[in-house]
Amino acid sequence: MRSYSDFYRRSVDDSEAFWAEQARLIDWQTPPQQILDASHPPFARWFVGGTTNLCHNAIDRHLDARGDQPALICVSTETGLERSYSFRELHAEVQCTAASLLALGVKRGDRVLIYMPMIAEATFAMLACARIGAVHCVVFGGFASGSLASRIEDAEPTVIVSADAGSRGGKVLAYKPLLDEAIRLSKHKPAAVLLADRGLAPMDRVAGRDHLMRDLAAQHRGAVVPCAWLESTEISYTIYTSGTTGKPKGVQRDTGGYAVALAASMPHIFDARAGETYFCTSDIGWVVGHSYIVYGPLIAGMATILYEGLPTQGLDRQPDGGIWWQLVEKYKVTVMFSAPTAVRVLKKQDPALLKKYDLSSLRALFLAGEPLDEPTGRWIGEGLGVPIIDNYWQTESGWPIITIANGVEKKPGKLGSPGVPMYGWRVKILDESTGEELSALNEKGVVVIEGPTPPGFMQTIWRDDARFVNTYWKSVPGKMVYSTFDWGIRDADGYFFILGRTDDVINVAGHRLGTREIEEVISGHANVAEVAVVGVADALKGQVAVAFVVPRNADGVEGAGALALEGEIMRRVADQLGALGRPSRVHFVTGLPKTRSGKLLRRAIQAICEGRDAGDLTTMDDPATLQRIRQLLWP
Ligand code: ATP
Ligand code: MG
């Protein structure tokens, strides 16, 4: 095995040679003339002069070697549908959808907004856009009309691809009325709407605008649609950040750099190989879904599983099943990718479920999206008996910034740390007020990235270069560096620890504390399933910590039990972090408010605590969670 530190050093010291080598992992129609153009910082243009196509790399180039192997495996415990498409079948479906889009007037560079559940047609639509050079803008299915409308206005799509309905835990959510309302609200109107009809909800169709996918498919079955050869720097897609900290940002990505970044990450980070099966439990509406449900595995010649349903179902559609593990066994999954929030849901189930299936094909489970607390990491690691690899990244980065490059050197992980900087990323920890690099160990600062940023990183904010530069590159005094807006430290072995977002810091009597550190201590208590800590204004101390805890065992947190648990939690924090971090109150709740991508909405909880308006909640998952907190605090 190679040494990761040599691998990393070369990627930053001899960066162009390094990436020129990685660029050979994909097919180019015209090879790049220049590896990197960094003449206009902070913009980085990768593989200039090269032409390629994401769809070609994901499908066409595999046809000879593995045309009849599975490429896309669709499983829904919502509808009971299970269907696998070989690379050849996927090739045909994508061309058919591409021909339909062309017939509706979509041209290269036009935007196509995709608002769909986790069904095959969503993947066909994404790949069809890539094939013809249209820019896809996938919006998480089930977002309310308001959020959808603002994205339609921002993207100005020629066509919107959608479906009659999504389904979650057996509850049908009709999409079409939400879409119609969103189009009504939006100043921009799409020329056409293309609809998958799953037979879940009735649809009213607007004459002349709305088309059924199956009607157009009937006309275009067998269509041959060649790949458009795009400039490496041409836009492949835009996607919005989760909106945890405020208004979502429209992240814009290129074509060639992204293809190379993903192609390289499959062997180097995931230790994944062609012909195997990759299972990512995210949603196509998020960046993880773009990179590791759709493009990454297919570019690597792997089969990818697209799963619609809750993690707690069974293939037989019964609740309390172990669907994930059933799929691992059935499709011999080698690499799995999920999020801590989903694992925490499973943690409430019987651990025996994990032992029921043959999971011997699995080599590692990757988790991303939010901090992986130690108890959750340990629980799943012991249950599966494979390495659990945390990985830290952002919608902006497109692929992991900090993790373990499992295919380069199987470095041991450390609980609580996502690992070390990935090749190509110049990650630094800076003092937020002076901008000085913090070289001392375990000194807390802002995690930043020095340019030039590696391939796959966002090009800019869609139609707003100024916002891109001002938001991300000007927040640290005196230096043009990209701020992740996350706190971190680095230990003696070079491992990074992410300590939360820069706006999740509280100031207690002049001392700055990360809410995340307090949460970590509380989540170590055996009866705590989930926790959120926020800073609440306090006349005396400036701010105090207030904790919201979802107990693992709901009985016993009434009355005296609650008082006892509250006391234990307070003592625990005081013992481990000091009295300043001790929450002034611990509230027990049944659920915490999160974004649709499963991230804690601390700012909303904080606003409620302080009696303020909770602000923009359009990206929120279950409004009832916040409602219950409001009732608890302001009865
Ligand atoms: P917005 O930028 O709109 O407020 P967001 O930051 O939640 O939303 P994402 O791009 O989905 O949108 O999330 C990236 C953020 O998630 C990171 O900046 C970090 O705060 C957090 N995160 C992701 N992975 C990890 C991880 N492995 N450990 C700790 N934090 C993580
Ligand atoms: Mg963010």
Side-chain angles (χ1 to χ4, degrees), residues 138-140 143 147 150-151 154 238-251 253 269 282-283 285-292 337-343 365-374 376-377 388-404 413-422 425 427 446-449 456-458 461 467-468 471-472 475 482-489 495-505 514-517 519-520 523 593-604 615-621:
V138 183
V139 174
F140 180 75
F143 259 151
S147 337
S150 66
R151 287 157 175 79
D154 193 55
T238 67
I239 182 172
Y240 295 88
T241 59
S242 290
T244 308
T245 50
K247 190 174 179 289
K249 301 164 279 272
V251 166
R253 205 139 359 249
I269 297 178
S282 181
D283 189 284
W286 313 126
V287 68
V288 174
H290 281 58
S291 294
Y292 297 113
F337 194 144
S338 190
T341 183
V343 175
L365 168 67
F366 291 80
L367 297 174
E370 31 158 0
L372 174 62
D373 57 285
E374 296 197 17
T376 302
I388 306 301
I389 303 181
D390 189 4
N391 54 126
Y392 164 81
W393 47 303
Q394 307 183 305
T395 310
E396 292 87 342
S397 73
W399 58 286
I401 301 170
I402 299 175
T403 184
I404 299 293
K414 291 192 187 191
L415 276 177
S417 161
V420 298
M422 281 301 96
W425 298 100
V427 188
V446 192
V447 180
V448 305
I449 293 153
F457 181 78
M458 73 190 292
I461 289 178
R467 186 175 175 211
F468 170 66
T471 304
Y472 295 112
S475 75
Y482 170 85
S483 176
T484 62
F485 298 107
D486 288 311
W487 297 113
I489 55 169
Y495 284 65
F496 281 66
F497 292 76
I498 301 296
L499 304 176
R501 298 163 186 267
T502 52
D503 60 357
D504 285 340
V505 161
T515 50
R516 158 107 180 86
E517 294 159 82
E519 287 168 4
E520 183 76 41
S523 70
K594 293 184 182 159
T595 62
R596 295 301 297 257
S597 54
K599 291 156 191 272
L600 264 178
L601 275 165
R602 292 191 193 78
R603 73 180 157 84
D616 181 9
L617 293 178
T618 48
T619 60
M620 185 161 149
D621 185 22

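Atoms within a ligand are numbered from 1 in the order they appear, just like the ligands themselves.
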Could you list the atoms of ligand 1 found under 4.0 angstrom from a heavy atom of [X]?
| X | value |
| --- | --- |
| Trp393 | 14 (C), 17 (C), 23 (C), 24 (N) |
| Thr395 | 9 (P), 10 (O), 11 (O) |
| Glu370 | 22 (N), 23 (C), 24 (N), 25 (C), 26 (C), 27 (N), 28 (N), 29 (C), 30 (N), 31 (C) |

With heavy atoms only and a cut-off of under 4.0 Å, state how Trp286 meets ligand 1: side chain, backbone, both or neither.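 For Trp286, there is no contact with ligand 1 at all, from either part.
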Ligand 1 versus Asn391: contacting region, heavy-atom distance under 4.0 Å: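 Asn391 to ligand 1: backbone contact only, side chain stays beyond 4.0 Å.
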With the threshold set at 4.0 Å, does a side-chain nitrogen-carboxylate oxygen contact exist between Glu370 and Lys594? no
Please write down residue, atom name and distance for the protein heavy atom closest to [atom].
| atom | answer |
| --- | --- |
| atom 29 (C) of ligand 1 | Pro371 N, 3.3 Å |
| atom 6 (O) of ligand 1 | Arg501 NH1, 2.9 Å |
| atom 4 (O) of ligand 1 | Thr245 OG1, 2.3 Å |
| atom 7 (O) of ligand 1 | Thr244 OG1, 2.4 Å |
| atom 11 (O) of ligand 1 | Ser242 OG, 2.8 Å |
| atom 18 (O) of ligand 1 | Asp486 OD2, 2.6 Å |
| atom 2 (O) of ligand 1 | Lys249 NZ, 3.3 Å |

Taking the six-membered ring for Trp, are Tyr482 and Phe457 parallel (under 30°), tilted (30 to 60°) or perpendicular (over 60°)?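 Tyr482 and Phe457: perpendicular rings.
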Short side-chain to backbone donor-acceptor contact, [X] and [Y], under 3.5 Å:
| X | Y | answer |
| --- | --- | --- |
| Ser523 | Glu520 | yes |
| Asp373 | Thr376 | yes |
| Ser150 | Ser147 | yes |
| Ser417 | Phe496 | yes |
| Asn391 | Leu367 | yes |
| Thr403 | Asp390 | yes |

Nearest heavy atom to atom 13 (O) of ligand 1, choosing from Arg603, Glu396, Lys599, belongs to Lys599
Heavy-atom nearest option to atom 23 (C) of ligand 1, drawn from Ser417, Pro340, Gly369: Gly369
Check contact between Ser597 and ligand 1, using heavy atoms of the residue and a distance below 4.0 angstrom.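 No; Ser597 lies far enough from ligand 1 that no heavy-atom distance drops under 4.0 Å.
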For the CZ atom of Arg151 and the CD1 atom of Ile239, what is their distance to the nearest 0.5 Å? 10.0 Å
Establish, yes or no, whether a centroid distance under 6.0 Å links the rings of Trp393 and Phe366. no
